[in-house]
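Lettering follows sequence order; numbering is per chain, from 1.
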There are 2 protein chains.
Amino acid sequence: MRLLFSKVFTENINKIQNELPTIFMKSQLQKINEFINNLGREEYSILEKISTTKTYKKGEVLLHQNETCRFTYSVEKGILRKFYLNDGKEITTEFLFEDDIAVSFDSYVLQKPSREFIQAITDSTVSQLDYHSFQEAKSLHSELVKLDLLITEYYAMWLENRLLEFHTLNATQRYLHLLSNQPEIIQQIPLSYIASYLGISLETLSRIRAKI
Amino acid sequence: MRLLFSKVFTENINKIQNELPTIFMKSQLQKINEFINNLGREEYSILEKISTTKTYKKGEVLLHQNETCRFTYSVEKGILRKFYLNDGKEITTEFLFEDDIAVSFDSYVLQKPSREFIQAITDSTVSQLDYHSFQEAKSLHSELVKLDLLITEYYAMWLENRLLEFHTLNATQRYLHLLSNQPEIIQQIPLSYIASYLGISLETLSRIRAKI
DNA sequence: ATGATTATTTGACCTAAGTCAAATTTCCTG
DNA sequence: CAGGAAATTTGACTTAGGTCAAATAATCAT
């Protein structure tokens, strides 16, 4: 999920590749960016007040399974991932880079125990936004509800695209798609995480890479 | 996606099965339901004013591919489906029953041409809500933004669960899962639609059914 | 009802991707 | 920089699910 308030938003937008659905979603990022830039001084400072910056070491877990997700974690530096356990095996669901937001969505929204873990893949700095403080801020400043909506819409579109990929692409195509859309993932992240993210086995992914 | 304003919401909630993620999502439906019940008279009547009721014959297409999705279609009666074309084959992405909302999400949000079709599977009555009128209503009544957020959150959680199913269940398990969660789908809808919805071939689905 | 479409099932065969195991290669850490 | 652990690759084999084709079964319009 995309970042709440980012200093380098415009730059980030340009990193995104020219794939069709991605082009469309770019316009949503732009909307979010503009919205943040036009936020009132008051709203902006409230967000800053209820956010805290923390650092995590490589491998450290920000949110455990069964724990209720109290924060949205906005990545300032480093890489996070979300994953859950299936038959004891880790299934990675998302990688979060600078300016992305990590959140166990259903746990956060419903304030129920999380299925997912959130973990730092590298040493990371994140800005954490507390659920209850944000709820209160939203009740006082309706602009923040709009912002929340824009970001949630973005996440839903991201999920729709993920689903589309699973529905229409085979293992090789999914890998190539990832390679062209988020090359930074392939470079910086262990194959085992990438394999489960793509829904294929580690060995198959290795063979796909060998062929290309 | 769930319905915007429903008369029989409570009833609908009870139809939902007792699966773990589904239990959680029930609470979101409840939130939506309560929110609608507590909407001011004014907001409620605005929604009614900008909605129009229409009927569609079985097979009729409400939204074509490449057309921009101008409405959310809230099902009052009948069944709709969403699908897109991949290699000339129809891939069904969602079935919509009474009190569900059909919308080509990214097309609606970004007001860009739709990848998906929306079609009536049976003769149907829907209440259509115009994008621009709703945007205007939201700008005047911030309560409607909150409602939009709740519904979008619900849709995102639904998508997350779909993705989880593709990630963790095999063909048989996905079918059984559907059978226990939405038996009405299996009863009323052609197998070919169900097969593509589950991401399996028609023949395989038929064999799975034969075994059970 | 009856013939014609359309939907579903069944059969034979094929292939993408998984599994298990071992060999390398890479990466840490003392 | 050596030794061990972790990550990745390669090999041999298996299997879930796909494809193509034909046979039934169900549905619909006249």
Side-chain angles (χ1 to χ4, degrees), chain A residues 57-61 78-79 81 83 85-92 95 119-123 162-163 165-179 183-212, chain B residues 57-61 78-79 81 83 85-92 95 119-123 162-163 165-179 183-212:
Chain A
K57 288 253 173 68
K58 175 176 177 168
E60 219 177 319
V61 170
I79 309 174
R81 69 168 179 140
F83 69 96
L85 294 174
N86 183 238
D87 271 334
K89 279 184 199 156
E90 298 180 358
I91 314 273
T92 297
F95 297 108
Q119 185 189 34
I121 292 186
T122 63
D123 290 354
R162 278 274 284 164
L163 214 36
E165 284 159 31
F166 274 94
H167 242 145
T168 60
L169 305 180
N170 65 26
T172 305
Q173 292 169 327
R174 291 204 295 279
Y175 175 74
L176 289 175
H177 184 261
L178 183 67
L179 192 62
E184 69 275 20
I185 287 182
I186 274 80
Q187 288 151 18
Q188 302 177 55
I189 291 170
L191 276 202
S192 57
Y193 296 172
I194 298 174
S196 74
Y197 177 77
L198 293 173
I200 60 190
S201 74
L202 180 57
E203 296 91 333
T204 297
L205 179 56
S206 176
R207 279 183 247 270
I208 288 170
R209 284 156 54 93
K211 263 187 293 180
I212 295 164
Chain B
K57 288 254 172 70
K58 176 175 175 168
E60 219 177 319
V61 170
I79 309 175
R81 69 168 178 139
F83 69 95
L85 295 174
N86 183 238
D87 268 335
K89 278 185 199 156
E90 298 181 357
I91 313 274
T92 296
F95 297 109
Q119 185 188 34
I121 292 185
T122 65
D123 290 354
R162 279 274 284 163
L163 214 36
E165 284 158 31
F166 274 94
H167 244 146
T168 60
L169 305 180
N170 65 26
T172 306
Q173 292 169 327
R174 291 205 294 279
Y175 175 73
L176 290 174
H177 184 260
L178 183 68
L179 193 62
E184 69 274 21
I185 286 182
I186 275 80
Q187 288 150 17
Q188 302 178 53
I189 290 170
L191 275 202
S192 56
Y193 297 173
I194 298 174
S196 74
Y197 177 75
L198 293 173
I200 60 191
S201 75
L202 181 57
E203 295 92 333
T204 297
L205 178 56
S206 177
R207 281 182 246 269
I208 288 170
R209 282 155 56 93
K211 262 187 292 179
I212 295 166

Minimal non-hydrogen separation, A:Ile185 against A:Phe95, with atom names: CD1-CD1, 3.6 Å
Exercise: identify the closest heavy-atom pair between A:Leu198 and A:Leu205: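 Taking A:Leu198 first and A:Leu205 second, the nearest heavy atoms are CD1-CD1, 4.3 Å.
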Which whole-number value in Å describes the distance from [X] [atom1] to [N] [atom2]?
X	N	atom1	atom2	result
B:Phe166	D:dG17	CZ	P	12 Å
B:Lys58	D:dT27	NZ	P	10 Å
A:Leu202	D:dA7	CG	P	10 Å
B:Lys57	D:dC28	NZ	P	15 Å
B:His167	C:dA17	NE2	P	14 Å
A:Leu191	C:dT26	CG	P	13 Å
A:Leu169	C:dA16	CG	P	15 Å
A:Lys211	C:dA16	NZ	P	8 Å

Geometric cation-pi criterion A:Arg174 and A:Tyr197, 6.0 Å radius, 45° cone: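 Here A:Arg174 fails the 6.0 Å and 45° test against A:Tyr197.
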Side chain [X], main chain [Y], donor-acceptor under 3.5 Å:
X	Y	result
A:Gln119	A:Arg81	no
A:Asp123	A:Lys58	yes
B:His167	A:Ser196	yes

Below 3.5 Å is the cut-off: list the nitrogen or oxygen pairs between protein and nucleotides 19-22 of chain D, distance only.
| unit_1 | atom_1 | unit_2 | atom_2 | d |
| --- | --- | --- | --- | --- |
| D:dT19 | O4 | B:Arg207 | NH2 | 3.1 |
| D:dC20 | N4 | B:Glu203 | OE2 | 3.3 |

A:Thr172 side-chain proximity, nearest of C:dT10, C:dA17, D:dT9: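 Closest nucleotide among those given: C:dA17.
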B:Arg209 side-chain N/O to C:dT8 phosphate OP1/OP2 under 4.0 Å: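 B:Arg209 to C:dT8 OP1/OP2: no side-chain N or O under 4.0 Å.
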Sugar-phosphate only, base, or nothing, as touched by B:Ile200 at under 4.0 Å among non-hydrogen atoms: sugar-phosphate
Pairwise distance CD1(A:Ile79) to CD(A:Gln188) - rounded to 0.5 angstrom: 4.0 Å
